[in-house]
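What follows is a set of notes on a single structure, which appears directly below.
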Amino acid sequence: MKKVQLRAAALAVSALVAGAALTACSSESDSGSTGGGDGAKVAFLMPDLASTRYELQDKPLFEAKMKELCPDCEVIYQNADSDAAKQQQQANSALAQGAKVIVLDPVDSAAAASIVKTAQSQDAAVIAYDRPIPDAPADYYVSFDNEKIGSLIGESLVEHLKAEKAEGGILQVNGSPTDAAAMLIKKGIHSAVDDSGFKLLAEYDTPDWDPAKAQNWVSGQIAQFKDEIAGVVAANDGTGGGTIAAFKAAGADVPPVTGNDAEIAAAQRIINGDQYNTISKPIKIVAEASAVVAHAFVKGETPQAKTTLYDTPSELFVPTVVTRENVKEVLFDSGIMKAADVCTAEYQKACTELGIK
């Protein structure tokens with residue numbers, strides 16, 4: 001992807017964030033202050049531990065914004081560790097504790113419909129976070145545009161393969177089949193790959209987004225297709241990391257592999273040349289936007305929305321593709337990541353080559 005396109009995408013993110021802040025915060029501006037929570041409880045329920053982002057980024061960012069907006073509000077945090085039944089129990093527990101808002105990133109998008117219905121029957125608002133809930137409209141949905149994520153990583157890979165005059169086909173490693181967001185990413189990937197001129201050799205829906213399961217599947221494809229694999233579209237950094245591990249374990253050259261989430265490990269792989277791309281979707285944007293919406297619900301207000309998805313008022317932000325070409329600009333110059341966290345001894349030389357310090 002060209003630099004100008006990447007910068008345009010970054011500007012689009014900034015513009016949307018500003019717009020979201022104005023929209024979601026309008027009611028707060030009218031009141032002239034934050035606060036107004038009266039000790040309300042807000043549940044923040046995340047789906048798994050396989051992705052490091054939930055513990056390291058989503059949770060602290062959401063909690064910090066809620067504290068800023070509503071110092072007397074209490075955040076009830078739980079992580080379901082990829083167990084839909086456990087997440088249902090956590091939601092029930094939060095409601096029993098008096099939660100007035102549930103921010104829910106579902107393990108299983110279909111199963112989460114019962115959480116929505118139960119919460120709404122008890123006059124608690126539900127904000128679908130990152131992953132939509134198609135079967136029961138939540139009160140609001142905050143996310144990056146998942147279908148766009150799929151199309152962007154697919155298009156970026158296809159453009160690179162064509163520029164390199166690569167021959168062969170593509171493997172597609174999707175996310176969890178129980179995650180509606182993963183299915184949107186999958187749809188976006190197909191929009192980029194199906195008519196690309198590169199044959200889709202095989203694809204796999206990775207249970208629970210488990211990197212080990214992705215690695216195991218890719219290992220089988222390497223044995224079957226060998227040198228026919230020109231590239232791999234992996235739906236997130238975990239499955240991308242598993243894919244790369246499979247090629248290295250097989251003693252094979254690693255083809256261009258995509259990712260999504262801009263985890264620190266992915267940034268290191270990109271800097272080192274092991275992973276071709278990832279998606280920067282600054283979690284601060286969705287975490288803080290969700291806190292703003294939660295605070296509006298706590299105050300009994302109805303937050304405005306820019307669009308609707310699955311009959312749910314929604315705010316969808318535009319992500320940015322990150323490759324070795326622009327990783328310094330997008331992740332480091334912006335302050336999203338710090339060189340001290342990424343450029344450890346193993347990656348110091350590669351960081352220096354890219355001017356990351």
Side-chain angles (χ1 to χ4, degrees), residues 1 50-51 146-179 181-263 265-279 321-325:
M1 181 168 284
S51 297
N146 287 295
E147 187 171 340
K148 187 67 175 176
I149 287 171
S151 65
L152 284 173
I153 59 176
E155 288 166 4
S156 172
L157 177 69
V158 168
E159 287 177 11
H160 177 68
L161 294 178
K162 288 182 176 178
E164 295 295 314
K165 301 187 185 317
E167 296 181 354
I170 291 174
L171 295 179
Q172 183 171 326
V173 186
N174 304 311
S176 172
T178 62
D179 177 356
M183 297 301 101
L184 290 171
I185 294 172
K186 178 179 178 177
K187 181 180 179 182
I189 292 173
H190 275 292
S191 73
V193 170
D194 289 354
D195 297 323
S196 66
F198 292 97
K199 181 181 178 182
L200 180 60
L201 298 173
E203 68 176 301
Y204 176 64
D205 294 342
T206 310
D208 301 324
W209 291 92
D210 189 335
K213 292 176 182 176
Q215 179 176 346
N216 185 60
W217 180 79
V218 172
S219 294
Q221 307 314 301
I222 294 170
Q224 179 177 351
F225 294 107
K226 299 182 174 63
D227 296 335
E228 293 181 55
I229 304 170
V232 182
V233 187
N236 79 339
D237 290 333
T239 55
T243 296
I244 292 165
F247 279 93
K248 290 189 172 184
D253 292 337
V254 180
V257 176
T258 72
N260 161 38
D261 283 337
E263 294 182 347
Q268 291 172 326
R269 290 192 295 265
I270 288 172
I271 289 167
N272 214 37
D274 291 326
Q275 182 169 320
Y276 178 64
N277 73 21
T278 188
I279 286 285
V321 177
V322 180
T323 65
R324 200 167 190 268
E325 180 183 1

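Nearest approach of N146 to A181, heavy atoms of both residues: ND2-CB, 3.6 Å. Between A250 and I222 the shortest heavy-atom distance is CB-CG2, 4.1 Å. Closest of all the heavy-atom pairs between F198 and A166 is CE2-O, 3.5 Å. Counting all heavy atoms, side chain and backbone alike, A262 lies closest to T278 at N-OG1, 3.1 Å. Of all non-hydrogen atoms in G238 and P211, the two that sit nearest each other are O-CB, 3.3 Å. Between S176 and M183, the shortest heavy-atom distance links the atoms O-CE, 3.5 Å.
Under 3.5 Å, the side chains of D210 and Q215 contain no donor-acceptor pair of N or O atoms. A donor atom on one side chain and an acceptor atom on the other are not found under 3.5 Å apart for Q275 and N277.
Within the 3.5 Å criterion, the main-chain N or O of A192 finds no donor-acceptor partner in the side chain of S151. A donor-acceptor contact shorter than 3.5 Å links the side chain of K226 to the backbone of A223. With hydrogens and angles disregarded, no donor-acceptor distance shorter than 3.5 Å links the side chain of D261 to the backbone of D237. S196 contributes a side-chain N or O that, together with a main-chain N or O of V193, makes up a donor-acceptor pair within less than 3.5 Å. A donor-acceptor pair is defined here as one N or O able to donate and one able to accept, closer than 3.5 Å; no such pair exists between the side chain of T206 and the backbone of A214.
Annotation: side chain of N174 is not in contact with side chain of I185 (no heavy-atom distance under 4.5 Å). Using a 4.5 Å heavy-atom threshold, the side chains of Q172 and I189 count as touching. Residues Y276 and I270 fail the side-chain proximity criterion, which asks for heavy atoms closer than 4.5 Å. The closest side-chain heavy-atom distance from H190 to L200 is below 4.5 Å. The shortest distance between side-chain heavy atoms of V233 and I153 falls below 4.5 Å. K186 has its side chain within reach of E203: a pair of non-hydrogen atoms, C-beta onward, lies under 4.5 Å apart.
The distance from atom CD of E263 to atom CD of Q268, rounded to the nearest 0.5 Å, is 11.0 Å. Separation of atoms CG (N216) and NZ (K213) is listed at 10.0 Å; rounding is to 0.5 Å. Atom NZ of residue K199 and atom CZ of residue F225 lie 7.0 Å apart, to the nearest 0.5 angstrom. The NE2 atom of H160 sits 12.0 Å away from atom OG1 of T258, with the distance rounded to the nearest 0.5 Å.
In terms of the side chain to side chain donor-acceptor pair (under 3.5 Å) criterion, residue partners of N236 (sequence neighbours excluded) are, by chain and number, T239. Residues satisfying the ring pair (Phe, Tyr, Trp, His ring centres under 6.0 Å) criterion with Y204, sequence neighbours excluded, are W217. Evaluation of the salt bridge (charged side-chain N to carboxylate O under 4.0 Å, His left out) rule for D274 yields K248 as partners, not counting sequence neighbours.
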Show, in sequence, the C-alpha distance, side-chain angles and deciding distance for I279 and V322, and conclude whether the side chain to side chain contact (heavy atoms under 4.5 Å, CB included) test is met.
CA-CA 6 Å; I279 286 285; V322 180; over 6 Å; no
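Among the candidates I170, V232, L171, the single residue satisfying the side-chain contact (heavy atoms from CB on, under 4.5 Å) test with L201 is L171.
Within 6.0 Å of CG on D194 lie more than 12 heavy atoms contributed by other residues, nucleotides or ligands. Atom CG of N272 sits in a crowded spot, with more than 12 heavy atoms from other residues, nucleotides or ligands closer than 6.0 Å.
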